[in-house]
Amino acid sequence: MLILEHVGVQLGRRSVVQGVDAAFAPGTLTGIVGPNGAGKSTLARAMLALVPATGRISIDGDAVAAMPRGDLARRIAYLPQGQTLHWPLTVERLVGLGRLPHLAPMSKISDADGAAIERAMLRADVQGLRTRIATELSGGERARVLFARALAVEAPGLIADEPLASLDPGHQIDVMELMRAEADAGALVIAVLHDLTMAARYCDRLLLIDDGRIVADGTPHEVLTPDLLRTVYGIEARVESGGDWPTVTTFGRARP
Amino acid sequence: MTRFAPPRWTLIAMLAALTLIAAVASLLFGAVDLSVARLIAAATGGDDEVATIILFDLRLPRTLLALVVGAMLGLAGAGLQGYLRNPLAEPSVLGTSNAAALGAVGAIYFGIAELHPAMLPVLAIGGALLSLALLFALSGRSESPLTLILAGIAVGTLAVAGTSLALNMSPNPFAAMEIMTWLLGSLENRSFQHFWIALPCIVIGSALLLWNARALDALTLGEDAAQAMGVNLRATRLRLLIGTAIGVGGAVAVSGSIGFIGLIVPHLIRPLTDRSPSAILLPSAIGGAALLTLADLGVRIIPTTNELKLGVVTAFLGVPVFLIHLMREKRLW
C-alpha cells in the first residue's frame with residue numbers, strides 16, 4: 001500500500017503539488033490525468049523521493065524519504081518520461097540495467113537475473129530486438145525497450161510517466177495491456193496518462209489533477225464528466241458512458 | 001545494425017598483453033639499448049653494473065610511472081565521460097590537473113622545489129586538493145553535470161591564469177624555461193621516490209572511480225531513472241570528484257601535464273566493448289597504461305636534438321583519433 005498524506009512539493013518559489021491525500025492498493029492500475037503543468041509528473045517523482053516533498057509518503061508503513069535508495073528501487077520500478085538514453089547500448093544490455101537494484105556489490109548478473117531479463121523482453125515483445133542498438137531504434141521500439149527495462153526490475157510497484165508518448169495506437173494498447181496485466185498479477189501500478197479514453201478503458205481508478213491538487217478521484221465513470229473536463233482542461237467534450245468504460249470525444253476549446 | 005565486440009576478458013587479456021610488451025620494450029630501449037640477456041642479468045642480480053644502473057635507476061621507475069600515470073589518466077577519462085555522459089570529457093575538465101600544475105609551478109617559482117625533490121609533487125597534490133575544495137564550494141549541492149562542468153571550468157581557468165602569471169612574473173628566462181619544460185609533461189629523470197609519491201594517490205583515486213561503475217551504467221538512463229534504480233547520486237559525485245582530484249593530482253604531480261590520454265583512450269576502447277560506461281573503465285586503465293608507456297618509448301627513440309616532451313607526443317596522438325571520429329560522424333566511411 002502506497003499512502004500519500006498532505007503531500008506538497010515546492011520547486012523554487014512555485015508550489016507544484018499541494019495537499020495531496022491518496023492511497024494506492026496493490027492489484028490496481030491508477031491513471032493520473034490532468035492538463036500539462038498540472039503537477040502529475042512531479043507528484044509521481046515525489047512518490048519515488050526524487051523531489052523533496054512535505055507531508056508523508058509511505059510504502060507499507062515505511063516513509064520513502066527515509067528509505068535507503070536500493071530498498072525503494074526494489075519496491076517500485078520507475079519509467080521516467082522522455083526516453084533518455086545516453087550511450088548506444090544493445091537492447092539486451094539496456095533491459096539488463098533493470099536488474100541493478102538486485103545486484104550485490106561486485107557480483108555479476110546471475111542466472112535468475114538473466115531469466116528476469118528474458119521475461120521482461122518477452123512481455124514487452126522486444127526479444128527480436130535484443131542485439132539491436134537501442135539508440136538506433138524507432139521511437140515506438142525504444143519506448144517498448146525502456147518499458148521492458150522497468151519490467152525487468154520485477155518490483156511489486158510500477159510508476160510510469162507518460163508511457164504511451166510516441167507510440168502508435170497498436171503499441172499504446174500493448175503497453176496499457178501490459179500494465180493491466182501487471183496490476184491483475186497483484187502489482188501496484190500508477191501511470192501518468194494523457195489519452196483519456198485509453199486511461200478510462202484500462203484503469204481501475206483515475207486521479208484528475210489540476211494546479212497541483214486532486215480535483216477528482218474515482219472510477220473513470222466518476223471522473224470523466226463533461227463538467228470536470230470543461231473546468232480542468234478547458235475543453236468541450238462528449239462523454240459516452242453507456243459501455244464498460246466511458247469514451248471521450250473532444251470538440252474544441254470551451255468558450256468562457 | 002548489430003555489432004561484434006570481443007568478450008570482456010579477452011579484451012582485458014589482449015590489452016594486458018599489449019601493456020606487458022610496451023613495458024618490456026620500455027625497459028629495453030632508450031639512449032642505450034639493452035639486450036634481453038643483459039636485462040635479465042641485471043634483473044637477477046648479475047654483475048653488469050651499467051645495465052643494473054640503467055635498469056633500476058632509470059628505466060624501471062620511468063616505466064612504472066608511465067604505467068600508473070597512463071592507467072590513472074585513462075581511467076579518469078572513462079569515469080568522467082560516463083558520469084558527465086559526454087564523450088568529450090577528460091580529466092582536465094574538472095580543473096584539478098591545471099590546479100596540480102599550478103601547485104608544481106608555484107614550487108618552481110618560489111624555489112621550494114629545490115629544497116627537496118619531493119616538494120614539487122607534494123605541492124602539486126596540494127594544488128589538486130585545494131581545487132577540489134573550491135569545486136565543492138562552487139558546485140554546491142547541485143547534482144547536475146552542467147554545474148560541475150561550469151565549476152570545473154572556473155577552477156581550471158583560475159589555475160591556468162595563476163600559471164600564466166608565474167610565467168609572466170618569472171625573475172629570469174631560466175625560471176620561465178624551467179616552468180615551461182615542466183608544463184610540457186615528461187617522465188625523464190624520475191626516480192622511485194616519484195613513483196612512491198604517485199602510487200598511493202593513484203591507487204586511492206582508481207578505487208574510488210571503479211566503485212562508481214554501476215552508478216555510471218544506471219546514469220545511462222538519466223538522473224531520475226538512476227536514482228530510482230537505487231543509485232545515490234551524491235555519493236557517486238563525491239567519489240568521482242575525490243577520486244579524480246587525488247588520482248589525477250598525484251599523476252600530474254610526477255609527470256607534468258599530459259593531455260589527451262584521458263580523452264582518446266576511452267574512445268579507442270569503447271567500440272571494443274558493449275558501450276556501457278562500466279565496461280570501459282578497467283580496459284581504459286590498462287589501455288592508458290599501454291598508450292602512455294608506448295608514447296614515452298617514442299619520446300626516447302625518436303631522434304631529436306632537444307628531448308621531445310611526452311605531453312607533446314600525446315597531443316599529436318590525439319589528432320588522428322579525432323579525425324577518425326570526425327570522419328565516422330560525417331559517414332565518410
Side-chain angles (χ1 to χ4, degrees), chain A residues 41 44-45 47-51 64 67-94 96-108 129-137 145-146 149-150 152-153 155 157-159 161, chain B residues 1-5 7-9 78 80-89 141-143 145 207 210-236 239 266-267 269-271 273-282 328-329 331:
Chain A
S41 295
R45 294 177 74 225
M47 295 181 202
L48 293 144
L50 295 174
V51 281
V64 296
M67 207 183 282
R69 284 240 166 256
D71 270 9
L72 185 56
R74 284 184 291 272
R75 294 206 210 178
I76 306 184
Y78 174 53
L79 180 64
Q81 203 185 113
Q83 302 200 345
T84 306
L85 188 52
H86 290 287
W87 299 108
L89 305 188
T90 59
V91 167
E92 193 169 21
R93 183 77 179 82
L94 177 61
L97 292 180
R99 297 309 292 170
L100 284 178
H102 298 277
L103 296 185
M106 307 301 289
S107 65
K108 288 209 285 189
L129 304 173
R130 75 171 68 229
T131 57
R132 297 273 301 277
I133 294 156
T135 45
E136 294 172 2
L137 299 174
V145 168
L146 290 169
R149 197 284 303 161
V153 182
L158 170 67
I159 296 180
D161 196 349
Chain B
M1 191 184 102
T2 57
R3 62 183 169 221
F4 172 76
R8 177 168 169 79
W9 290 106
L80 279 159
Q81 291 182 8
Y83 178 80
L84 299 170
R85 286 151 274 156
N86 184 338
L88 292 178
R141 294 163 68 88
S142 156
E143 275 152 14
L210 287 170
W211 189 350
N212 270 349
R214 276 194 193 149
L216 299 185
D217 279 353
L219 277 169
T220 301
L221 297 168
E223 277 145 56
D224 267 6
Q227 286 197 77
M229 278 196 280
V231 171
N232 182 336
L233 283 186
R234 190 163 298 160
T236 304
R239 288 193 288 266
H267 277 277
I269 297 290
R270 193 168 286 118
T273 67
D274 65 11
R275 264 79 159 179
S276 60
S278 68
I280 294 161
L281 294 178
L282 187 58
R328 265 201 210 138
E329 205 57 38
R331 301 201 184 273

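The chains referred to below are lettered A, B, ... by the order of the sequence lines, with proteins before strands, and numbering in each begins at 1.
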**Report entry** Taking every non-hydrogen atom, the tightest pair across A:Ala73 and B:Gly230
**Finding:**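 So the minimum-distance heavy-atom pair works out to CB-N, 3.5 Å.
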Requested in this report: Please report the closest heavy-atom contact between B:Ala218 and A:Leu100, naming both atoms and the distance.
Outcome: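 The answer is CB-CD1, 3.6 Å.
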Query - Under 4.5 Å from a heavy atom of chain A, the part of B:Leu219 involved - result: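 Contact with chain A involves the backbone of B:Leu219 alone.
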Query raised in the report: Can you tell me how far NE2 of A:His86 sits from CG of B:Leu216, rounded to the nearest 0.5 angstrom?
Result: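 NE2 of A:His86 is found 12.0 Å from CG of B:Leu216.
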Query raised in the report: If you measure from CH2 on A:Trp87 to CD1 on B:Ile280, what distance do you get to the nearest 0.5 Å?
Result: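 So the CH2 of A:Trp87 and the CD1 of B:Ile280 are separated by 6.5 Å.
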Report task. Counting only heavy atoms closer than 4.5 Å, note whether A:Arg45 contacts chain B via side chain, backbone, both or neither. Result ->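 Contact with chain B is through the side chain of A:Arg45 alone.
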**Report entry** Toward chain B, the part of A:Leu103 with a non-hydrogen atom under 4.5 Å
**Finding:**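 Both backbone and side chain of A:Leu103 come within 4.5 Å of chain B.
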Query raised in the report: In this structure, which one of A:Thr90, A:Leu94, A:Leu97, A:Leu89 forms a side chain to side chain contact (heavy atoms under 4.5 Å, CB included) with B:Ser276?
Result: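 Among A:Thr90, A:Leu94, A:Leu97, A:Leu89, the one meeting side chain to side chain contact (heavy atoms under 4.5 Å, CB included) with B:Ser276 is A:Leu89.
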**Report entry** Chi angles and distances behind the side chain to side chain contact (heavy atoms under 4.5 Å, CB included) call for B:Gln227, A:Leu48
**Finding:** CA-CA 9 Å; B:Gln227 286 197 77; A:Leu48 293 144; over 6 Å; no
Report task. Could you pull out all residues at least two apart from B:Arg8 that satisfy salt bridge (Lys or Arg N to Asp or Glu O under 4.0 Å)? Result ->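 Not a single residue meets the salt bridge (Lys or Arg N to Asp or Glu O under 4.0 Å) criterion with B:Arg8.
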Query raised in the report: Which residues pass the salt bridge (Lys or Arg N to Asp or Glu O under 4.0 Å) test with A:Arg130, sequence neighbours left out?
Result: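 So A:Arg130 forms a salt bridge (Lys or Arg N to Asp or Glu O under 4.0 Å) with A:Glu92, A:Glu118.
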Query raised in the report: Do you know which of A:Arg99, A:Arg93, A:Arg149 makes salt bridge (charged side-chain N to carboxylate O under 4.0 Å, His left out) with B:Asp217?
Result: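 Answer to the salt bridge (charged side-chain N to carboxylate O under 4.0 Å, His left out) test with B:Asp217 among A:Arg99, A:Arg93, A:Arg149: A:Arg93.
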